[in-house]
2 protein chains.
Amino acid sequence: MDDWDDYRLILALHRSGSLRGAAKLLGVNHSTVSRRLAALQAGSAGILFEQLASGYRPTEAGAKMVSAAEDMEEIAQRAERQQRAAGSADKGPITLSLPEAIGQFLLLNEIAAFCKLYPDIDLTIISSYGFANLDRSEADIVIRGTGKPPEHLVGRRLFPYALSHYCRRGYLDETPPDARRWLGTAYSWSRDEWKAASPFSAAPTLYTMSDLTMRHKALLAGQGMARTACYMADPEPDLVRLPGAKTVQGQDLWVLTHPDLKDTPRIKTLMRYLCGAIIAKRALIEGNHI
Amino acid sequence: MDDWDDYRLILALHRSGSLRGAAKLLGVNHSTVSRRLAALQAGSAGILFEQLASGYRPTEAGAKMVSAAEDMEEIAQRAERQQRAAGSADKGPITLSLPEAIGQFLLLNEIAAFCKLYPDIDLTIISSYGFANLDRSEADIVIRGTGKPPEHLVGRRLFPYALSHYCRRGYLDETPPDARRWLGTAYSWSRDEWKAASPFSAAPTLYTMSDLTMRHKALLAGQGMARTACYMADPEPDLVRLPGAKTVQGQDLWVLTHPDLKDTPRIKTLMRYLCGAIIAKRALIEGNHI
DNA sequence: TCGCACCGGTGCAATATTGCACCAATGGAT
DNA sequence: ATCCATTGGTGCAATATTGCACCGGTGCGA
């Protein structure tokens, strides 16, 4: 193989099964993938992928190349982590992945304070509800609420966050019972069972949305009721819990990093800091801040 | 690393220590290496190579990338051999490396006959006195006279070839003793000790040359005397051994391939054929053909 | 049957990359 | 001191590669 980057092409095509899917994985145009595949197979003794109605599938020879490509990817990813693990002081780049809600409502000030404390650490925040892949260095540290973190990651399991049912102060007084509405969440793990446990389980849902920040603003605007994280709602003077609402236990909060990075000083510094900041707000997070 | 081919760049620069040396290894222009290195280090958190008076040397971070690159090279080479090992019939490509002398004087007809016997085998001959690197698929099969073959290659050790001292028929009669000359060989393993064992050890050397074929023609042209392989000289009716000349034992002839290829049918077919062809000419090769 | 989303393929222009030619610097041999 | 071979660096032209826009085909859902 004259260009080892062709192994990335092979991997992407194997994983996606299509030119366009591979293009997406590689961050290039699908016509580029088409041409590179043609050139690759022209220079090879045999074809590596056959084109079925269901998509591209590796031939026997291609499957061996896929296996080799997987090995290479592992080496490349390990090498990248080794590069990122370099550094013997509190300086250098760190990429932190965390849910938008935690970034905006829980740790916004703490993150800024950290950057002031450690001006030589270049912190990049990736707000996402997806679980960043630390193997491929999509992030160095990840904060996530989950019941089942990847087992090879290391770090701390803190405590579960609490949720409860809220509305804008005065909403119930000002809204006839038949006009009361729920603001829903479009996440599959947040099915309607949360509504059943609420004081107004019969009220219909006004609309659902994937953006928790938008829902928070809708709540603040008095558009309806919602079950939301206590650390988002309790700090708001204009939001109150619905009468009789209990806190519900969400998933555990974890602060995790890759084993290859756990000994890097600046990583340890940020991990320690984040855990400290979250623990300092334990009462709020557990819904006991009122 | 966005382009895994950068690992090849890293390897080449590490191995050569210079931009021009790396360029040679990679088959590109040195300005290309310079620019790719600059781009690579610009996109990396740290520099990978420092520029000393003695050349480029990997930094600590760079050494880790070199190690990763070496691992990747091994995978790439194994993958390439796997591709070359494919095939369940006597068809497909084979690259055979052998000394020029063996190609021109010993197996010329046999190789053509093989191609006629197996028209679906695409045979490529690389005539070279260097030892082709079968790890990097420079060849699939290698024929070589050597006392110490690479231990991981597999194949057959045949028998040593013989050499003796020759001149053109009539040379001694037509050349006054003080005008007789030797035709030398510019190979380090063929020092002047061969002249000491000759019937005319005091005669000076006319000139030396690296090209054994050229020396053969010079011998045929009556330009001097030479120690040459019996399989080259004995078949020539115009060449005779010097009076009193004995045969000298050269190195063992080996026919070798890479372990990854040894089970591939077409490889086995050619290995078997070549060994058979060489064994059929054993008398000639051992100088017993007269 | 129709519309839509996705697919692979390709001409052309845009962009990136490379080679060439040249330069100055360096170090070693004479 | 001089010459030569090798080095790294760079402007510019040549070449390769890529993205864009578009096309026709396919399959699925309504």
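This structure is a prediction, so every number in the text was calculated from the model and none was measured. Below, chains carry the letters A, B, ... as their sequence lines are ordered, and counting in each starts from 1.
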Presence of A/Thr32 side-chain N/O under 4.0 Å of D/dT17 phosphate oxygens OP1/OP2: no

Heavy atoms of other groups near A/Glu100 CD, more than 12 under 6.0 Å: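 Yes, the 6.0 Å shell around CD holds more than 12 heavy atoms from other groups.
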
Proximal nucleotide (of C/dG19, C/dG9, D/dT10) relative to the B/Asn29 side chain: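 Per side-chain heavy atoms of B/Asn29, the pick is C/dG19.
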
Sugar-phosphate, base or nothing in reach of B/Ser18, heavy atoms under 4.0 Å: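 If one applies the 4.0 Å heavy-atom cut-off, B/Ser18 turns out to touch the sugar-phosphate alone, with no base involved.
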
D/dT26 OP1/OP2 closer than 4.0 Å to side-chain N/O of A/Gln51: no

Nucleotide D/dG8, atom C1' - distance to CD of B/Gln41 in whole Å: 14 Å

Candidate nucleotides D/dG9, C/dG19, D/dC22, ranked by approach to the side chain of B/Leu19 - the nearest: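 Looking only at side-chain atoms, B/Leu19 lies closest to D/dG9.
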
Nearest-angstrom distance from the residue atom NE2 of A/His30 to P of C/dA5: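 That distance rounds to 17 Å.
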
Side-chain N,O (A/Ser31) to OP1/OP2 (D/dT18) below 4.0 Å: no

Sugar-phosphate only, base, or nothing, as touched by A/Arg35 at under 4.0 Å among non-hydrogen atoms: base

Separation of D/dA16 C1' from A/Asp5 CG (nearest whole Å):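 About 15 Å, once rounded to whole Å.
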
Residue among B/Arg84, B/Arg78, B/Arg81 satisfying salt bridge (Lys or Arg N to Asp or Glu O under 4.0 Å) with B/Asp260: B/Arg81

B/Arg15, CZ atom: more than 12 neighbouring heavy atoms under 6.0 Å: yes

A/Arg20 or A/Ala53, whichever maps to the more 5' nucleotide of DNA chain D: A/Arg20

For atom CZ of B/Arg36 and atom C1' of C/dG19, their distance in whole Å: 14 Å

Rounded interatomic separation in angstrom, taking CG from B/Leu52 and C1' from D/dG8: 14 Å

Rounded interatomic separation in angstrom, taking CG from B/Leu9 and C1' from C/dT17: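 The distance from CG of B/Leu9 to C1' of C/dT17 comes to 14 Å, rounded to the nearest Å.
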
Euclidean distance, A/Arg266 CZ relative to A/Leu261 CG, rounded to 0.5 Å: 8.0 Å

Whether over 12 other heavy atoms sit under 6.0 Å from B/Asp2 CG: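 Open: at most 12 neighbouring heavy atoms sit under 6.0 Å from CG of B/Asp2.
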
Rounded distance in Å - CG (A/Leu26) to P (D/dT17): 16 Å

Length of the line joining B/Leu13:CG and D/dG8:C1', which is rounded to integer Å: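 To the nearest whole Å, that distance equals 12 Å.
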
